[in-house]
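All residue numbers refer to positions in the sequence shown, counting from 1.
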Amino acid sequence: MTDRPSAPQARTRLTGWIARVDWMMLFPVVAAIAWASGQDAVAMVLAIVLPVFLALNGDILRHRTDRISALSMLSSDQPLARPVLKRIVDDVLDDCARRDRTTAVLHIQVDDLHIADGGWGADAGDKIMDRVVQRVAATMRGQDAVMRTGDDGVIAMLAPTRRADLDIIMAIVDRIQSAVSEPISVDGRTVRVHCCIGICSEAMAPIRSGAAILAAAECALRIARQQGNDAVRAFNADIQMQIETDHRLSTQVEDALDAGEIRPWFQPQVETRSGRLAGFEALARWHHPELGILTPAQFLTTIASAGRSAELGEIILKASLEALIEWDKAGLDVPCVGVNVSLEQLTDPRLAERIIWQLDRYDIAPDRIAIEILETVTLRDGDETITRNIKAMRDAGFRLDLDDFGTGAASIAHIAQFGVHRIKIDRSFIHGIDASPMQCEVVAAILGLAERLSIATLAEGVETPEEQETLAEMGCPHVQGYGIARPMPFHETIPWALSLRAGPSAKLRMMQTQGSA
């Protein structure tokens, strides 16, 4: 025998059912028809008893009013405060519980919005975000929520639905990213932006509350942003652990910098035809006493959040200059070392002066340091501080390398205006190039244009001898990647370089030793 619901349960079910009905406005009409048909009792219930019931159960009306109010706010393109977002999500969760439905939150972060600064005008960012919000809304169902949060964030929330599994959510994600990546015209100029997305469905959430789901989607977004453009992550226990680790690192980063735990490893770059050493790239590594060797992807955002990017840059530069001196003492011919410079560093008006001072202090020629900047930096040609720093370093004799070429929107002709000496072709174009005629065509076009503009090239992410051989045949002068050598601490660089100079067999033995390590 089935248990009968208690009086409170029955009342809850009834109020929930009535709250979902959208045709309550028909009750007066039905009451009139019943009265005319002689159904006095029915008419009495519809005309008197039901209104009294609704008056005594104001939570129904409040529920519907809250939903209508929430939906009206969701159409706003103005950023919503966190408490408002939490309340909206809580309302949708309550609705899901009453209707046996589910939902999901997508936290969308727009990247590359900074390129709207400078010559674009102060309000260009807002105009771009307005277009982004419109495009996201166009990909969603009419009853779904699209809310702007902060300067470059958007929250998309599914209205109560029968299914919100990962397959369905990813189909929505694909539509959103495709729409956002389309060119946006602002004030007669065109820009492309990308977005990372963090996902948390009701089933994924650690706690069933608006605050928990929003926090979980934000955690997933933070991990996605560490992966780069267009990355997507769904919340799970591993992400929670990673966020906790990030928090832990954030409390330790300053002591780590002071204690010298963060220092560079060096990845070789070689000439494709001769096989000679062309230089090294300095890549930061955190020698954490408990977590082991951490890569930049695991801690650079923590460094930036702590406002210590400039200090990290100085540490890496100083160690690179000391490495050059030691390589010279060992009789090695190391033409240059690549040192990454962040956007935050480039916005420091005194950056060029400090770097030049460091080289004078160590008596190192400027052309032995390659300043590596991201391609998107060249799109900020309206930023006087960045332009001044780059010009000062170029005029002082530093080499300028453009990193991750092909992932941004700058043309080679635009890059040539900055006096770039070399472009580093992104690994996405190199992986499997020996078996892809299309990739060969793209890389060949890049190499041809660069040669005409007297800009050198380096292929990143070379992992196999076949890829290296293909690039050599295509005329790419320099290569870098795991197929050549992995990044290594300084004490391993001299034996590796000596083995390279000794010949292929010695180099092979060294690579095998490094791989087993």
Side-chain angles (χ1 to χ4, degrees), residues 1-31 45-76 80-107 137 140-147 149 155-169 171-172 199-218 234-235:
M1 181 176 178
T2 304
D3 292 336
R4 297 181 61 185
S6 64
Q9 288 174 329
R11 180 173 176 272
T12 300
R13 291 182 183 179
L14 178 60
T15 56
W17 176 79
I18 295 174
R20 294 198 302 271
V21 178
D22 293 326
W23 39 266
M24 289 176 61
M25 64 184 66
L26 296 179
F27 282 169
V29 177
V30 177
V45 170
L46 292 174
I48 299 177
V49 177
L50 183 61
V52 171
F53 176 80
L54 293 177
L56 295 175
N57 292 273
D59 59 326
I60 300 174
L61 293 177
R62 283 195 301 272
H63 171 64
R64 289 199 60 79
T65 302
D66 288 346
R67 288 182 62 200
I68 293 170
S69 174
L71 290 174
S72 66
M73 291 197 321
L74 302 187
S75 63
S76 171
L80 299 182
R82 188 80 173 192
V84 177
L85 292 172
K86 291 178 182 177
R87 187 166 62 250
I88 292 171
V89 178
D90 279 330
D91 287 343
V92 175
L93 288 172
D94 289 344
D95 199 14
C96 288
R98 279 186 284 263
R99 301 169 57 186
D100 192 24
R101 298 289 189 269
T102 189
T103 186
V105 167
L106 285 70
H107 196 155
M140 308 292 288
R141 301 171 302 173
Q143 66 270 35
D144 293 332
V146 177
M147 304 163 276
T149 170
I155 296 287
M157 184 173 191
L158 302 185
T161 184
R162 291 185 181 277
R163 286 179 57 206
D165 57 33
L166 195 56
D167 288 340
I168 290 175
I169 296 173
I172 298 171
I199 300 167
C200 183
S201 68
E202 184 180 1
M204 298 172 186
I207 302 173
R208 192 183 173 283
S209 72
I213 290 182
L214 286 170
E218 188 174 352
F235 182 82

Any residue meeting side chain to side chain contact (heavy atoms under 4.5 Å, CB included) with Ala216, in chain and number order, not counting sequence neighbours:
Cys200, Pro206, Phe235
Closest contact, heavy atoms only, Ile207 versus Ala212:
O-CB, 3.2 Å
Out of curiosity, Arg87 CZ to Leu80 CG, how far, rounded to the nearest 0.5 Å?
10.0 Å
Nearest 0.5 angstrom please: Ile213 CD1 to Ile155 CD1, how far?
11.0 Å
Between CG on residue Asp95 and CG on residue Asp91, distance to nearest 0.5 Å:
8.5 Å
Suppose we screen for side chain to side chain contact (heavy atoms under 4.5 Å, CB included). Which residues come up paired with Arg82, at least two apart in sequence or across chains?
Lys86, Leu214, Ala215, Glu218
Can you list the residues that meet the side chain to side chain donor-acceptor pair (under 3.5 Å) rule with Arg162, with sequence neighbours excluded?
none
When rounded to the nearest 0.5 angstrom, what distance separates CE in Met157 from CE in Met140?
10.5 Å
Stepwise side-chain contact (heavy atoms from CB on, under 4.5 Å) test for Ser201 and Thr103
CA-CA 6 Å; Ser201 68; Thr103 186; over 6 Å; no
According to side chain to side chain contact (heavy atoms under 4.5 Å, CB included), who are the partners of Ala164, at least two apart in sequence or on a separate chain?
Thr102, Ala104, Leu158, Thr161
I'd like to check the side chain to side chain contact (heavy atoms under 4.5 Å, CB included) partners of Ala159; sequence neighbours left out, ordered by chain and number.
Arg141, Gln143, Asp144
May I have all residue pairs that pass salt bridge (charged side-chain N to carboxylate O under 4.0 Å, His left out) and include part of residues 203-212, sequence neighbours excluded?
Glu202-Arg208
Measuring from atom CG of Leu106 to atom CD1 of Ile169, what distance do you get when rounded to the nearest 0.5 angstrom?
6.5 Å
Is there a donor-acceptor pair under 3.5 Å between the side chain of Arg98 and the backbone N or O of Cys96?
no
